Amino acid sequence: MSLGAVELRDRLASGALSALELTEACITRIGSREGELRAWAWHDPEFARAQARQLDAHRASGKAIGPLHGLPVGIKDVVDTARIPTENGCPVDAGRVPLRDAFVVERLRQAGAVILGKTVSTELAFMDPAATRNPHNPEHTPGGSSAGSAAAVADGMVPLAIGTQTGGSVIRPASFCGVTGYKPTFGAIPRRGVLLQSQSLDTVGVFASDPAGAAMLAEVLFGHDAADSATSLTPPPRLLETALSAPPFAPVLAFVRPPGWDTAEPQLRAAFDELCEALGDQVFEVDLPREFDAAAAHRRCINLAEMARNFHRYGRDGGAALGRSAREALAEGDGIRARDYLAALDWAQVLQAGLAEIFERCDAILCPAAPGPAPAGLGSTGDPIFNGLWTLLGTPAVTVPILTAENGLPMGVQLVGARGNDARLLRTARWLHDWAGQ
């Protein structure tokens, strides 16, 4: 699929392309590639066609169309879909069929999207790898936990997809698969109907081929829902309009070597040296205070303590069926003391304050999305060390796929914005994406 999601939207809106034609193209691609990539947990071509035909009839009637009219979307298999299986990548939930759509699925339907199917998630959106493979090289991991969403978009099976991030589950697989992954400010997208792993960290994100597509999809999903206390009633964002606009000045980026920089592969370090040199005066280096070195431990403490509470039934009813990573995480979470958990929550606020001075001097922080390209083998989803910090702090982050490793696999650049400055971040991401493509 050579066209970006925004271009496809425009063709659908003009009538130059029908929803059925686009849906058929996606179905054909899935049919030819799914046997190798295994990106889909559930896909019913006839159901997708029926939606597309209905949307085409709606447009032909002269009625107003939605902002995502006719665009197929893949939905991670931890997001509830009414009367469509949602099994959370977990054998304990095999055969589970929700009766109600999640908030984000309701929004997608209202916007005129085609629900193309459910994309593969790692088990319970945690660390045990799924069967999905990297479309650039099937012998390498696509990342996790939103493995299917990233791989499906990267392979042209679908122009847009939904994912979730609790550590690095949007930004990292987007980097490994060579697409744009966008994790918005914490609380921007309601999580009603999404598998609850960690209420303090879970964030719904999106995948597209470029930042403009990600902005278009996310704008439809932003909102307030009384069932999610992390959300608030705010004016609707103008993510796409801002992302497509020209920056008033050339963006300034703060290059940060985040905690764990010593794990970065030499080729990634060299690529960032070249990138910073090419950007010239538009980038400056800054060191994070040493207090940030403990961020990964704080995030893990919060994640596992809340996971032990929220996934108690999985350990109780199906512990033997769970993967090793999930079992060990539940056991570790059970042993975390309340005072350590509460202290970790406090640290998130302290570290957030430490970023204020940096954001006063730049449009976005520039840092790696992963320590290198997708690792060889399917026994791991890769290291989220460069993602968890920003999840802990609730800052928006986006992967911009502009670097290439020595073996030809993609390496993503990560841009991070101040909380609430999502539109500005996406505009900067689009600028960098276009700059790199010149």
Side-chain angles (χ1 to χ4, degrees), residues 1-2 4-5 25-43 48 71-79 87-89 115-123 125-165 168-183 204-210 213-214 217 369-370 372-384 387 398-401 404-405 407-412:
M1 194 173 298
S2 59
C26 292
I27 291 170
T28 298
R29 182 66 178 179
I30 292 171
S32 67
R33 294 282 288 162
E34 174 61 9
E36 181 176 22
L37 296 189
R38 306 174 195 176
W40 296 88
W42 182 89
H43 169 63
L71 282 169
V73 179
I75 301 173
K76 185 177 179 179
D77 193 36
V78 298
V79 179
E87 300 179 335
N88 300 317
I115 307 303
L116 192 61
K118 305 301 290 291
T119 55
V120 169
S121 169
T122 61
E123 183 182 63
F126 201 59
M127 298 298 291
D128 282 310
T132 307
R133 296 168 177 261
N134 193 304
H136 295 274
N137 186 329
E139 300 305 316
H140 290 246
T141 179
S145 62
S146 305
S149 290
V153 171
D155 197 60
M157 294 177 169
V158 67
L160 299 167
I162 305 294
T164 63
Q165 177 159 313
S169 298
V170 169
I171 300 300
R172 184 171 84 264
S175 178
F176 288 167
C177 293
V179 296
T180 292
Y182 164 48
K183 180 197 78 70
V204 176
V206 301
F207 295 89
S209 63
D210 56 39
L217 176 55
L378 303 174
S380 166
T381 62
D383 190 347
N387 317 128
V398 59
T399 307
V400 186
T404 304
N407 60 5
L409 292 180
M411 295 191 297

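What you see is a predicted model; the values in this text were computed from it and never measured.
- Nearest heavy-atom pair, V78 versus S121, reported as atom, atom and distance to 0.1 Å: CG1-OG, 3.6 Å.
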Problem set entry | Full working for side-chain contact (heavy atoms from CB on, under 4.5 Å) between S175 and T399 | CA-CA 6 Å; S175 178; T399 307; 4.0 Å; yes

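- Looking at W40 and V158, their side chains come closer than 4.5 Å, going by heavy atoms from C-beta outward.
- Taking the side chain as every heavy atom from C-beta outward, T122 and T132 never approach each other to under 4.5 Å.
- Nearest heavy atom pair, residue L116 against residue M157, reads CD2-O, 3.6 Å.
- Partners of R33 under the side chain to side chain donor-acceptor pair (under 3.5 Å) rule, at least two apart in sequence or in another chain, are E36, D155.
- Note that CD1 of I27 is 12.0 Å distant from OG of S32, once rounded to the nearest 0.5 Å.
- For A370 against R172, the heavy-atom pair with the smallest separation is CB-CG, 4.4 Å.
- In this structure, P159 and P72 have side chains that are in contact, with non-hydrogen atoms separated by less than 4.5 Å.
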Exercise. S146 and F207: side-chain contact (heavy atoms from CB on, under 4.5 Å), yes or no, with the steps?
Worked result: CA-CA 10 Å; S146 305; F207 295 89; 3.7 Å; yes

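- Side-chain atoms of F176 and N134, non-hydrogen and from C-beta on, do get closer than 4.5 Å to each other.
- No side-chain donor-acceptor contact under 3.5 Å links H136 to the backbone of P410.
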Problem set entry | Verdict with reasoning, T404 to L409, per side-chain contact (heavy atoms from CB on, under 4.5 Å) | CA-CA 6 Å; T404 304; L409 292 180; over 6 Å; no

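- Proximity of a side-chain donor or acceptor of N387 to a complementary backbone N or O of A369 within less than 3.5 Å is detected.
- Residues I115 and I75 are in side-chain contact: their nearest non-hydrogen atoms beyond the backbone lie under 4.5 Å apart.
- Taking OG of S145 as the start and CG of D128 as the end, the distance is 11.5 Å to the nearest 0.5 Å.
- The shortest heavy-atom contact between V170 and G205 is CG2-CA, 4.2 Å.
- Contact of the L378 side chain with the H140 side chain is not registered, since no non-hydrogen atoms from C-beta on lie closer than 4.5 Å.
- In this structure, V120 and A130 approach most closely via the heavy-atom pair CG1-CB, 3.5 Å.
- Side-chain N or O atoms of Q165 include none that pairs as donor or acceptor with a backbone N or O of V204 at under 3.5 Å.
- In this structure, R38 and R133 have side chains that are in contact, with non-hydrogen atoms separated by less than 4.5 Å.
- Partners of K183 by side chain to side chain donor-acceptor pair (under 3.5 Å), not counting sequence neighbours: none found.
- Looking at every heavy atom in both residues, A374 comes nearest to T141 through CB-O, 3.1 Å.
- Only one option out of V73, I162, L160 pairs with V206 in a side chain to side chain contact (heavy atoms under 4.5 Å, CB included); it is I162.
- Residues satisfying the side chain to side chain contact (heavy atoms under 4.5 Å, CB included) criterion with P401, sequence neighbours excluded, are T180, H433.
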For this session: I would like to know whether K76 and T119 meet side-chain hydrogen bond (donor to acceptor under 3.5 Å, both in side chains); could you show each step before the answer?
Result: CA-CA 5 Å; K76 185 177 179 179; T119 55; over 6 Å; no

